[in-house]
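Here's the structure, in structure tokens; my notes come after.
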Amino acid sequence: MALNYMAVAAINLVAALLSVPVIAAGIWLSTQADNACVQILQWPVIALGVALLAVGLAGFVAAFCRLPWLLLAYLVAISVLVVALACLAVFVFAVTTGSSGHRVPSRDFLEYDLDDYSGWLRARLDAPGRWDRIKACLAATPTCTDFNATYATAQDLFTAAPNRMSPLQSGCCKPPTKCGYTLVTPTYWISPISATADPDCAAWSNEEAKFCYSCASCKAGLLQNLRGEWRRADLILAVATAALLAVYAMGCYAFRTAKTDELFRRYRQGYT
Ligand SMILES: *[C@@H]1O[C@H](CO)[C@@H](O)[C@H](O)[C@H]1NC(C)=O
């Protein structure tokens, strides 16, 4: 049996098609306001997706045009890509461990602690100049304007369901509840007479450009937002990796079967 090139071409086309959800995941991440400000994960995901598309198409051409050398190069390249995708999927899973927020007394929404998130992610935010750039970017998004417009009364805000208020809004658009501020509008608060020592409480400002963007609670809210989005993208990466492994195994099997048959045929010819 010679190598069934048409079957291999079909397998490689599947590999190329698997790049579509990966690229889509990268593009989806870059459309999320918080990811667009942080700029960490979308580029590696998009780059891997494009590489996968290119390699899959090269593999398809190799099989379709019966170019064994290109097919061998394809098998090497796709194995490197599978390993890279698997590493990225595991890495993203590892850095997105953390809590899913804390209840606050007499509030329904959740608040977030920076200490709950991975050191690697926190270090990304704390690189010199990084947070200044990210918070300016966040302040330019409609996140807090939407937050201000959503709750008409204090009661509305205090009883907001956790899934209605994004972690980013909880952390950046209002002072942390422990500070004891009194609400006027969701983004306008009166400070208590005796201030708390917590730096977040002093960092709160009613000015639209400041709010709590300098608070640790804002970094925590951002990381919780990222965590949710990264986990979703990670699921796609993991599924694509598993499917690619299957495709890769089939490709290898077809290649080896053909090679073995070929050797066997030559061996027999040598004796006749
Ligand atoms: C928040 O909403 C109130 C009431 O609708 C409005 O008066 C105020 O200007 C808004 N603040 C910001 C910062 O948008």
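Throughout, numbering of the chain's residues begins at 1 and tracks the sequence. Because only heavy atoms are used, hydrogens play no part in the values below, and waters and symmetry mates are left out as well, while side chains stay in. Indexing begins at 1, ligand by ligand and atom by atom, following the structure's order.
- Side chain to side chain, K135 and S214 meet the donor-acceptor criterion of an N or O pair below 3.5 Å.
- Of the N and O atoms on the side chains of T177 and E111, at least one donor lies less than 3.5 Å from an acceptor on the other residue.
- By the neighbour-count criterion of 12 heavy atoms within 6.0 Å, atom CZ of F64 is sparsely surrounded, having that number or fewer from other residues, nucleotides or ligands.
- Under 3.5 Å, the side chains of N35 and W28 contain no donor-acceptor pair of N or O atoms.
- Judged by distance alone, the side chains of R231 and T96 do bring a donor and an acceptor atom under 3.5 Å apart.
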Can you produce the list of protein nitrogen or oxygen atoms under 3.5 Å from a nitrogen or oxygen of ligand 1, alongside each distance?
| residue | atom | partner | partner atom | Å |
| --- | --- | --- | --- | --- |
| ligand 1 | 2 (O) | N148 | OD1 | 3.1 |
| ligand 1 | 2 (O) | N148 | ND2 | 2.4 |
| ligand 1 | 11 (N) | N148 | ND2 | 2.7 |
| ligand 1 | 14 (O) | N148 | ND2 | 3.1 |

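- A cation-pi arrangement is absent between K174 and W189 under the rule of less than 6.0 angstrom and at most 45 degrees off the ring axis.
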